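Because the structure is predicted, anything quoted here is derived from the model rather than measured. Here is how names work: the chains are called A, B, and so on, in the same order as the sequence lines, proteins then strands, and each is numbered from 1. All heavy atoms count here, side chains included; hydrogens, waters and symmetry mates do not.
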Protein chains: 2
Amino acid sequence: MSETGQARGKSRRESILQAALDCFTEHGIEGTTIEMIRDKSGASTGSLYHHFANKEDIASTLFLDGLHNYSEPLLKGLAACSDARDGIEIMVTSYIDWVTENPDWARFIFSARGRVIRGAAAEALKDNNRKQFMALRDWLQPHIEQGVLQPLPLDLYHALVNGPIQDYCRAWLAGRVRHSPRQHARTFANAAWRSVAV
Amino acid sequence: MSETGQARGKSRRESILQAALDCFTEHGIEGTTIEMIRDKSGASTGSLYHHFANKEDIASTLFLDGLHNYSEPLLKGLAACSDARDGIEIMVTSYIDWVTENPDWARFIFSARGRVIRGAAAEALKDNNRKQFMALRDWLQPHIEQGVLQPLPLDLYHALVNGPIQDYCRAWLAGRVRHSPRQHARTFANAAWRSVAV
DNA sequence: TACTGACTAGAACAAAATTCTAGAATGATA
DNA sequence: TATCATTCTAGAATTTTGTTCTAGTCAGTA
């Protein structure tokens, strides 16, 4: 019996993903080799390529998992909220909470975003985007109709509310700013509100 | 005499950069091989490695060139402007102008950002950031002292003013939104102003 | 003309990614 | 418990990609 044979099936897959995430955050995606992931996870080359098609596949799996982990609590929080001002606040804080609680994931997401994604992962990504898009639209609609929020295109809402936090969080994760995004949560929420409220 | 020997010196270097930019925007940085760049530019492997240390070097050269092309007009415009509201407007429009006039470059910058940058390029990048940082600080200071703009940390200014445009432009370049950022320039400028004005 | 240094070509080499083959662990079935 | 199909693992073999090396060519110049 092999020594590492213990970690079979799902757990082996998980260990590969975890090792890959560690390597990616430390050396960047391009900077990590399959060998690094293999050695760090304790898997063999064959095992690795049994679970994933290639390095790209590992990266996009992680990317989608990360996005999903972020958007789930956001959508849940939004669905449970009927006040416009509170909703904007939830969008801001749930983003900031996720980044500050999962800095490794967030760092990875920022670095992986913008890469060309192909195949099944691209479809899954579109799906994820569409789901988030529709949830946001459904939540906004009544507030816009009631004249509480401005009738802007949806993408503009995303830009105005998420844009500033994204930019600041990216800088924070890169170590370029001193204060945690949490300390500015109120500022961001206020700015977002002033941008989109009637 | 060799057939491609015509393109020597500076022009050969330029042709390599142009070919690389084309390949990078089409296939992503990871997706393009040295071979692609070599063939597209008409250079030989040796020539390519004479002008650049490696693929990374080509990418960071393009990255820095792109950043420089963007920040130069911005800083110039800002320096020539004394009104607070106009300055915010310039920040917004000069970003949007650059993206819409240089979509290939912008696409590349977005995809290359977040990658690990090492060595001399990292220093040059820091330098560029520092220069932009200081210019922004010098421009803001008097307006803050006069009580026209809020006394926020500099990074927050960047996030509030640039964040939304960045997010929207990224979506536009990816073909995810219909309207050009230009059509929303006023909205972005207004939102930015409301975010940072006293 | 002969010399210099920047530049180029393409073969040789090294490193990394991916495939392949043989076999071990696991769980279902008789 | 024996056997069988399936999933999974190991590591060697192969392919692809990146980088270096060597022998030059070319343009300018003394």
Side-chain angles (χ1 to χ4, degrees), chain A residues 1-24 26-63 112 115-121, chain B residues 1-24 26-63 112 115-121:
Chain A
M1 169 189 158
S2 74
E3 203 197 334
T4 52
Q6 312 283 8
R8 272 180 92 86
K10 192 132 202 169
S11 62
R12 169 48 43 100
R13 192 186 142 94
E14 292 307 314
S15 73
I16 292 171
L17 284 174
Q18 183 58 55
L21 181 61
D22 291 349
C23 292
F24 287 162
E26 188 173 349
H27 307 105
I29 296 177
E30 279 200 287
T32 80
T33 65
I34 287 285
E35 204 186 353
M36 289 181 194
I37 300 174
R38 166 162 72 67
D39 294 348
K40 185 150 202 165
S41 68
S44 66
T45 310
S47 179
L48 205 149
Y49 277 93
H50 169 77
H51 290 289
F52 300 96
N54 47 36
K55 196 168 98 172
E56 186 62 30
D57 186 24
I58 302 178
S60 28
T61 301
L62 282 173
F63 185 67
R115 285 161 50 82
V116 177
I117 295 184
R118 270 178 286 263
Chain B
M1 168 188 160
S2 72
E3 203 197 334
T4 53
Q6 313 284 7
R8 273 179 93 85
K10 193 134 203 167
S11 63
R12 170 48 42 102
R13 191 187 144 93
E14 292 307 315
S15 73
I16 292 170
L17 285 174
Q18 183 58 55
L21 181 60
D22 291 350
C23 292
F24 287 162
E26 188 173 347
H27 307 105
I29 296 178
E30 279 200 286
T32 81
T33 64
I34 288 284
E35 205 185 352
M36 288 182 195
I37 300 174
R38 166 161 71 67
D39 293 349
K40 185 151 201 164
S41 68
S44 68
T45 310
S47 178
L48 208 150
Y49 277 93
H50 170 75
H51 288 290
F52 301 95
N54 47 35
K55 193 168 102 173
E56 187 62 31
D57 186 24
I58 301 177
S60 26
T61 300
L62 283 172
F63 186 66
R115 284 161 51 84
V116 178
I117 295 183
R118 270 178 287 264

Nearest-Å distance for atom pair [atom1]/[atom2], residues [X] and [N]:
{"X": "L48(A)", "N": "dG11(D)", "atom1": "CG", "atom2": "P", "answer": "14 Å"}
{"X": "I16(B)", "N": "dC7(C)", "atom1": "CD1", "atom2": "P", "answer": "11 Å"}
{"X": "H50(B)", "N": "dT19(D)", "atom1": "NE2", "atom2": "C1'", "answer": "16 Å"}
{"X": "R38(B)", "N": "dT16(D)", "atom1": "CZ", "atom2": "P", "answer": "15 Å"}
{"X": "I37(B)", "N": "dT16(D)", "atom1": "CD1", "atom2": "P", "answer": "19 Å"}

What residues form a side chain to side chain contact (heavy atoms under 4.5 Å, CB included) with [X], not counting sequence neighbours?
{"X": "T33(A)", "value": "E35(A), M36(A)"}
{"X": "A20(A)", "value": "F24(A), I37(A), I58(A), L62(A)"}
{"X": "A53(A)", "value": "D57(A)"}
{"X": "I117(B)", "value": "F63(B), A121(B), A122(B), L125(B)"}

| message | Going by the rule side-chain hydrogen bond (donor to acceptor under 3.5 Å, both in side chains), which residues pair with T45(A) if we only count those two or more places apart in sequence or in a different chain? | response |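 By the side-chain hydrogen bond (donor to acceptor under 3.5 Å, both in side chains) rule, T45(A) matches R38(A).
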
| task | Check whether any side-chain N or O of S44(B) sits under 4.0 Å from OP1 or OP2 of dT8(C), and answer yes or no. | result | no

| Counting only side-chain N and O atoms of R13(B), is one of them less than 4.0 Å from OP1 or OP2 of dA6(C)? |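 For dA6(C), neither OP1 nor OP2 has a side-chain N or O of R13(B) closer than 4.0 Å.
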
| field | Letter per nucleotide, 5' to 3', of nucleotides 12-19 of chain C [B base touched, S only sugar-phosphate touched, - untouched; heavy atoms, 4.0 Å] | value | ----SSBB

| Flag side-chain contact, heavy atom, 4.5 Å: T32(A) against K40(A) |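 No, every pair of side-chain atoms sits at 4.5 Å or beyond.
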
